[in-house]
Amino acid sequence: MNSSESAASARPADLRPETVAVAAGRPPRENGAPVNPPVVLSSTYFGRGPVTAGDRGYARYSNPSWEPFEEALAELEGAAEPGLVYSSGLGAAASALSLVPAGGVVVMPDHSYGGTVALAEDMAEHGAFTLRLVNIADTDAVLAQLRGDGAAGSASMLWVESPTNPMLEVADFRAVTDAAHEVGALVVADNTFSTPLVQQPLNLGADVVLHSVTKYLAGHSDVVLGALVTSDPDLRATLLTHRSKHGSIAGPFEVWLALRGLRTLALRIERSQASAAVLANRLLEQQQVSAVRYPGLSNDPGHARAKAQMDGFGSIVAIEMAGGAAAADALVERLQLWMPATSLGGVESLIERRRRHTNEPASVPESLIRMSVGIEHVEDLWADLVQALEAL
Ligand SMILES: *Cc1c(COP(=O)(O)O)cnc(C)c1O
């Protein structure tokens with residue numbers, strides 16, 4: 001790992017992830033050196049003579065401001081290569097999808113992040129590949145799509161999102177990644193919902209991990225940023241070339257903010273996960289709520305898988321309202337602390353009825369509300385929900 005190798009190797013070995021999030025990506029421990037990496041605002045670098053592979057060249061190819069975050073994220077995901085930051089999660093997704101050979105087949109969860117499905121549909125319409133959407137929790141269906149039962153050819157890429165957004169379905173991660181590799185497909189896993197503290201897809205067989213850094217990693221709803229992580233040096237080189245040529249690069253200040261956010265990731269996740277579990281259990285008891293989706297609930301269909309492959313259950317809860325879409329809208333309208341907004345993963349609790357987006361799949365119930373639990377006191381979050389539920 002490039003510039004801070006000496007600093008990284010000077011750290012004690014086998015640090016726990018909570019510590020890595022704080023200690024990784026620091027400048028060398030030399031007197032007078034800053035303890036935080038500087039923001040390098042320069043579009044070019046001094047360069048003379050023949051250009052070699054290691055030259056920084058120009059700031060679309062490399063920026064020292066990207067590297068501390070790329071090293072820290074890779075270490076947290078257990079990757080052997082530094083990560084790659086992108087201008088957004090979808091910028092990273094476009095780069096990952098570019099790994100599909102022309103005319104290939106991509107198998108993707110039907111309840112992937114909506115923007116990812118829209119991007120893949122757009123690329124498929126332009127002839128890049130054939131897209132097959134599938135319920136990622138239905139392992140038999142995933143296997144059939146990977147093999148191409150019914151003549152259409154086997155898959156070149158499996159996209160995994162688990163738990164899904166906003167249905168919180170849980171894939172049998174190992175089973176689907178093994179099956180993908182059997183047909184020669186690459187596996188890309190969107191780990192935005194879980195973060196590496198809760199789930200490590202590379203250890204579950206994924207080849208590439210994707211993050212919308214916008215969400216938990218940056219954590220304050222003030223940055224748009226994406227990242228890819230892989231242990232395969234050839235894949236990383238291909239992705240780096242794609243990023244440089246297609247130009248989906250991150251601003252140095254955004255990456256600095258994301259690293260600042262990453263320092264507190266463990267504390268934020270600890271708090272928001274604990275609160276999500278409390279709220280999910282209490283919401284189950286409410287007569288106005290007809291269903292609660294949260295993999296941490298013992299009766300949730302994804303509970304056993306989540307328990308086996310995750311170190312927690314995340315901080316996203318989805319509920320369905322007995323009174324339908326109107327009750328869901330009224331609930332969101334009456335809240336005074338929860339913020340009615342799309343997105344997730346910030347310190348502040350966000351809530352929205354997903355079908356208010358016209359492109360949300362019809363298989364998502366009309367009354368489904370997605371809740372991104374933040375780090376406020378859980379009793380304040382609960383009191384706000386109770387006053388809004390009672391007013392219905
Ligand atoms: C937000 C999100 C994305 C897209 O990331 P952007 O940073 O908004 O481009 C992809 N996947 C998931 C799961 C997301 O929540």
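One-based numbering along the sequence shown. Keep in mind it's a predicted model, so treat the numbers as computed, not measured. What you see below is based on every heavy atom in this structure, not just the backbone, and it leaves out hydrogens, waters and symmetry mates.
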Tell me whether Tyr61 at atom OH has more than 12 heavy atoms from other residues, nucleotides or ligands lying less than 6.0 Å away. no
Heavy-atom distance under 4.5 Å between the side chains of Glu161 and Met108, does that happen here? no
For the side chain of Asp384 and the backbone of Gln336, is there at least one donor-acceptor N/O pair under 3.5 Å apart? yes
When you compare the side chain of Arg353 with that of Leu331, does any pair of heavy atoms fall below 4.5 Å? no
Transitively linked via ILVMFWY side-chain contacts under 4.5 Å: Leu143 with Ile136? no
Looking at Glu71 and Arg11, is any side-chain nitrogen of the basic one under 4.0 Å from a carboxylate oxygen of the acidic one? no
Main-chain N/O of Glu352 paired to Thr342 side chain as donor or acceptor, under 3.5 Å: no
At their closest point, which heavy atom of Leu350 faces which heavy atom of Ser343, and how far apart are they? CD1-O, 3.6 Å
I want to check something: taking the side chain as every heavy atom from C-beta on, are Val289 and Leu389 in contact at a cut-off of under 4.5 Å? yes
Counting N and O atoms only, with roles assigned by atom type, does the side chain of Tyr294 sit under 3.5 Å from a partner on the main chain of Gly314, one being a donor and the other an acceptor? yes
Do Leu97 and Val106 make a side-chain contact, defined as non-hydrogen atoms from C-beta onward lying under 4.5 Å apart? yes
Answer yes if the side chains of His246 and Ser95 hold a donor-acceptor pair under 3.5 Å, and no otherwise. no
If you take all heavy atoms of Ala93 and Leu119, which pair is closest and at what distance? CB-CD2, 3.8 Å
If I compare all heavy atoms of Ser87 with all of Ser248, which pair ends up nearest, and what's the gap? OG-OG, 2.7 Å
Looking only at the side chains, is there a donor atom on one of Ser65 and Asn63 sitting less than 3.5 Å from an acceptor on the other? yes
Show your working on side chain to side chain contact (heavy atoms under 4.5 Å, CB included) between Glu254 and Val213 and close with a plain yes or no. CA-CA 10 Å; Glu254 279 73 9; Val213 178; over 6 Å; no
Using only atom types and a distance under 3.5 Å, with no angle test, would you say the side chain of His111 pairs donor to acceptor with the backbone of Pro109? no
Within the side chain of Arg305, is there an N or O that forms a donor-acceptor pair under 3.5 Å with the backbone of Ala137? yes
Kindly say whether Pro295 contributes a backbone atom to a donor-acceptor pair with the side chain of His303 at under 3.5 angstrom? yes
Asn165 and Arg370: side chain donor to acceptor below 3.5 Å: yes
Indicate yes or no: does Glu75 engage Arg26 in a salt bridge with an N to O separation below 4.0 Å. no
Ignoring hydrogens and geometry beyond distance, is a side-chain donor-acceptor pair present between Arg56 and Ser62 at under 3.5 Å? yes
Same cluster or not: are Leu41 and Leu257 linked, directly or through other Ile, Leu, Val, Met, Phe, Trp or Tyr residues, by side-chain heavy atoms under 4.5 angstrom apart? yes
Which heavy atom of Leu262 sits nearest to which heavy atom of Leu76, and what is that distance? CD1-CD1, 3.9 Å
Just wondering, more than 12 heavy atoms not from His357 lying within 6.0 Å of its NE2? yes
For the ring pair His211 and Tyr216, is the centre-to-centre distance below 6.0 Å? no
If you count every heavy atom of other residues, nucleotides or ligands that lies below 6.0 Å from Asp14 atom CG, does the total exceed 12? no
Is it true that atom CZ of Arg260 has more than 12 heavy atoms of other residues, nucleotides or ligands lying nearer than 6.0 Å? no
With sequence neighbours left out, what residues match Ala175 under side-chain contact (heavy atoms from CB on, under 4.5 Å)? Thr139, Asp172
On a heavy-atom basis, which atom in Ala80 and which in Ser231 lie closest, and how many Å separate them? N-OG, 3.0 Å
Salt bridge (Lys or Arg N to Asp or Glu O under 4.0 Å) partners of Arg355, counting only residues at least two apart: Glu366
Is the backbone of Phe313 close enough, under 3.5 Å, to the side chain of Gln273 for a donor and an acceptor to pair up by distance? yes
Are the side chains of Val255 and Glu70 in touch, meaning some heavy atoms are under 4.5 Å apart? no
Should Val134 and Val187 be regarded as members of a common hydrophobic cluster, given that ILVMFWY residues are connected when their side-chain heavy atoms come within less than 4.5 Å of each other, either directly or indirectly? yes
Are there over 12 heavy-atom neighbours, none belonging to Glu360, within less than 6.0 Å of that residue's CD? yes
Is any side-chain heavy atom of Pro82 closer than 4.5 Å to a side-chain heavy atom of Arg236? yes
Val332 side chain near Arg356 side chain, heavy-atom distance below 4.5 Å: no
ILVMFWY cluster, Leu297 and Met321 together (side-chain gap under 4.5 Å): yes
Less than 4.5 Å apart, side chain to side chain, heavy atoms only: is that true for Pro163 and Ser194? yes
Calculate, to the nearest 0.5 Å, the distance between atoms CE and OG belonging to Met310 and Ser162 respectively. 6.5 Å
When you look at CE of Met339, are more than 12 heavy atoms from neighbouring residues, nucleotides or ligands closer to it than 6.0 Å? no
Distance only, no hydrogens: is a donor on one side chain within 3.5 Å (strictly under) of an acceptor on the other, for Arg268 and Ser272? no
Counting heavy atoms not belonging to Gln287, are there more than 12 under 6.0 Å from its CD? no
If you measure from the Lys or Arg side-chain nitrogens to the Asp or Glu carboxylate oxygens, is any gap between Glu182 and Arg147 under 4.0 Å? no
Between Val198 and Leu217, is there a shared hydrophobic cluster once you connect ILVMFWY residues whose side-chain heavy atoms come closer than 4.5 Å? yes
Exercise: identify the closest heavy-atom pair between Trp338 and Ser349: CE3-CB, 3.5 Å
Taking Ala141's backbone N and O only, do any of them form a donor-acceptor pair with Asn135's side chain (distance below 3.5 Å, no angle check)? no
Take Asp232 and Thr230 through the test side chain to side chain donor-acceptor pair (under 3.5 Å) and record every step on the way to the result. CA-CA 5 Å; Asp232 182 327; Thr230 178; 5.6 Å; no
